[in-house]
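Here is the structure we will look at.
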Amino acid sequence: MPFKRLNPHAGPSLPRRRWLQAAGGIAASAGLSGWCSQAQANGLTVGQPAPPLVLHALDGREFATQALRGQVVILTFWATWCDPCHEELPLLSAYAEQHARDGLQILGFSLDTPENLPMVQKIAASLSFPVGFLGSAYAGGYGRIWRIPVNFAIDRAGRLAHNGWDDPAPPAWTAQRLEKFVTPLLQASQWRRE
């Protein structure tokens, strides 16, 4: 049987997605999840400067995390074929609307390929935060995005405040987790919208 080369930019096929989900479950049940998250975290440390990242939004705007100092930033990595992402994105959108005046900025990085642009645009149109394509499986200092959704929070001083690689499965944000990890960052200092 000839070797079939996979498109590195395509999202996993349904059988491959199921295999990846099963492999993640096996790793977690075998106690390897901590090892995997450490291996993928590229030395991310809560309280240290967050790696810079730029979102090239679908509407042409650019959002550089370093230019967003003074705001609390959530980076969310998702894809149209990710079921937990479909539950998490509306929650993040509502939270972004609720806290926009508090200095919250959410940046949505889609792992989809450009062929899925219509689906990404449809989802992005329903969200209150900018969305763009990640462009590859690597997100700079955040490492290779090997599971989704995965999220990171950056405080007003530009420090990593929440490392998504340390999240237990399932890694999606919930209202309770946003209140626990992000709301205190928003309340830490006064924010004035200009």
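Computed from a predicted model, the values in this text were never measured in an experiment.
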Thr183: partners by side-chain hydrogen bond (donor to acceptor under 3.5 Å, both in side chains), with sequence neighbours left out: Tyr95, Glu179
Donor-acceptor pair, distance only, cut-off 3.5 Å: does the side chain of Arg159 make one with the backbone of Pro49? no
Nearest heavy-atom contact between Val46 and Ala161 is CG1-O, 3.8 Å
Does one hydrophobic cluster hold both Leu127 and Leu117, with members joined at side-chain heavy-atom distances below 4.5 Å? yes
Candidate list Leu111, Val150, Ile148, Ile123, test side chain to side chain contact (heavy atoms under 4.5 Å, CB included), partner Trp78, passing option: Ile123
Sorted by chain and residue number, the side chain to side chain contact (heavy atoms under 4.5 Å, CB included) partners of Pro130 (sequence neighbours excluded) come out as Leu55, Ala57, Arg61, Phe63, Gln105, Leu107
Heavy-atom side-chain contact between Cys82 and Pro149 under 4.5 Å: yes
Could you state the interatomic distance from OG (Ser128) to CD (Gln98), rounded to the nearest 0.5 Å? 10.5 Å
His56 side chain vs Phe133 backbone, donor-acceptor pair below 3.5 Å: no
Residue pair Arg156 / Val72, side-chain heavy-atom distance below 4.5 Å: yes
If you compare all heavy atoms of Leu134 against all heavy atoms of Ala139, which two are closest, and at what distance to 0.1 Å? CD1-CB, 4.1 Å
Roughly how far, to the nearest 0.5 Å, is the CD atom of Gln71 from the CG atom of Leu186? 10.0 Å
Working to the nearest 0.5 Å, report the span between CG of Leu104 and CG of Leu185. 9.5 Å
Are Leu58 and Gln121 close enough that some pair of their side-chain heavy atoms sits under 4.5 Å apart? yes
OG1-NZ distance between Thr80 and Lys122, expressed to the nearest 0.5 angstrom: 11.5 Å
Do Arg144's NZ or CZ and the ring of Trp146 fall within the cation-pi criteria of under 6.0 Å and 45°? no
Taking all atoms of both residues into account, what is the closest heavy-atom pair of Ala124 and Val131, and its distance? CB-CB, 3.8 Å
Do Ser110 side-chain atoms and Gly108 backbone N/O form a donor-acceptor pair below 3.5 Å? no
Nearest 0.5 Å please: distance from the CZ atom of Phe77 over to the CG atom of Leu53. 5.5 Å
Take Leu178 and Ile74 through the test side-chain contact (heavy atoms from CB on, under 4.5 Å) and record every step on the way to the result. CA-CA 10 Å; Leu178 285 167; Ile74 293 176; 4.0 Å; yes
To the nearest 0.5 Å, tell me how far Asn163 CG sits from Leu44 CG. 5.0 Å
Between Trp165 (side chain only) and Tyr142 (backbone N and O only), is there a donor and an acceptor less than 3.5 Å apart? yes
The side-chain hydrogen bond (donor to acceptor under 3.5 Å, both in side chains) partner of Trp173 among Asn151, Thr76, Asp167 is Asn151
